[in-house]
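Atoms within each ligand, like the ligands themselves, are counted from 1 in listed order. Computed from a prediction, not measured in an experiment: that's the story for all the values here.
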Amino acid sequence: MGDPVGEGAAAGKALEVVFRAAGPYLEGLAERKVHESADDGVLGDLGGPLPERGVGGERSIEQLVEVGVRAATHSSGPRFFHLVVGGATPAAMAGDWATSLLDQVSGLWLASPLAARVETVALGWLKELFGIPPEFGGVLTPSATFAHVTGLACARAWWAERHGVDVTAHGLSGLPPLPVFSSGLVHPSTRRALQVLGHGRDTLRTFARDDTGTVDLEALEAALRALDGAPAIVVGNVGEVTTGAADPLPELADLAARHGAWLHVDAAFGAFAALSPRTSHLTDGMERADSITADGHKWLNVPYESGFSFIRDPAWQHRAFGDWGVPYLPGAGEEQINYNTLGPESSRRARALPIWATLKAYGREGYQQMVERHLDVAAHLGALIDQAPDLELLAPVRLCVVCFRYRPPGVPEERLDELNTRLGEALLADGRVYAGTSMYRGRKVLRAAIVNWRTTTGDVELLLRVLHDLGPALAADLR
Ligand SMILES: *Cc1c(COP(=O)(O)O)cnc(C)c1O
């Protein structure tokens, strides 16, 4: 097979291969191990030199799907508790396929009014869902990290202007270091965004009362006061990855208001706390932020890549990104919205389509039910851990993350880190469930994040069964 023009209308055949595999794959996800084995011999089949003569679309896709179904990490299934990983709702998955089918150049009205309109609708619905005021500007991004880059680029354009510098045009030279303050709950992606923007990851200073990361408001305020009226950025966090903890946003918003600081909120998955009256206190005050980061590929259960950035005053998006300065691209601020003037990307996927599809399919009510089911499942796991004599719950279950460790009788405290490290490794090798390890308050811990629409109480009960299958042999070695 040579030039793809030879395939012409036969493109449908390759798509049918995917379609035929999709049903059994998705139906099997609930039963499948998260990962079959560490043996990646099967991946070798995808290697070899660049084919001189192609095999054609149908055969190429047959091989990709055949190997893919066997070798993929089934992280979109119900028992991938590691990191914070959502699945894909049926409507979001289909919406994502439709995105590829239509293959829109999204970001320029002239190239796709469809993509631009759907992005506006999707951003509007997301603001409603999270209780963000409708006047906020926004843009879809590939991830929360890129949403940080977007929001913090707006923040520093504001900051530089206060120093009389147009940073978008002239860069950072002549400016002082950017003051960025947060609590101990801050996620490394905030530092990554500052690093990418040229401020250095260590420019961020944290103020914590203790080793839980809880914000020290007095120390943070003292740091703001010491700036003597110079502008600063305060970063609030809702939904910390190890325990689900949140900063008190109303207090941070008051502080920012008193000292004229920009408030940036990282609510990558925590924004979804707004959906349930049981947890909405955690996002109270988010509506007072100047910029907000959230993710679609986590708790919204939209396929990768999907993030959102919301900006209180959309004018900063124009100032931070704006005009491309070339005659073949439209200028900023035209009546017809060009999303590639409102964020860092140029060409971009129409990632609004799966968001639109899933919100249209399930609505606020469907998402509230899903979030509350996850709250119940996480609380159930927390209660089971609390009752188990050989497990120790290390933080209250406030949201969808459960932080605990294995502590069987007879293993000395100083060997528990090693035991939990080994148990975490054994868990991944076993493959029935995936949960990760981390450090919390100086201890090695296991943690599980419950954000997949498929996850039920049975799945977290299996997590404990697997831990109890694997744990005793490891503990016997360390007694
Ligand atoms: C996952 C996460 C991020 C980073 O999100 P990406 O989409 O992976 O870039 C940032 N903040 C928090 C709190 C997160 O949980």
* To do: Only counting residues at least two apart or in another chain, list the ones meeting side-chain contact (heavy atoms from CB on, under 4.5 Å) with A253.
  => L263, R288
* Asked: Excluding sequence neighbours, so at least two apart, what forms ring-ring contact (aromatic ring centres under 6.0 Å, His included) with Y304?
  -> H297
* Amino acids contacting ligand 1, non-hydrogen cut-off under 4.0 Å -> S143, A144, T145, H187, S189, G239, V241, D266, A268, F269, D295, H297, K298
* What pairs with A219 under side-chain contact (heavy atoms from CB on, under 4.5 Å), at least two apart in sequence or on another chain? -> F207, D216
* Should the pair H163 and W159 be assigned to parallel (<30°), tilted (30 to 60°) or perpendicular (>60°) ring geometry? -> perpendicular
* To do: May I ask you to check whether over 12 heavy atoms, not counting those of R398, lie within 6.0 Å of atom CZ?
  => yes
* Asked: How about K33: does its NZ atom have over 12 heavy atoms from other parts shown lying under 6.0 Å from it?
  -> yes
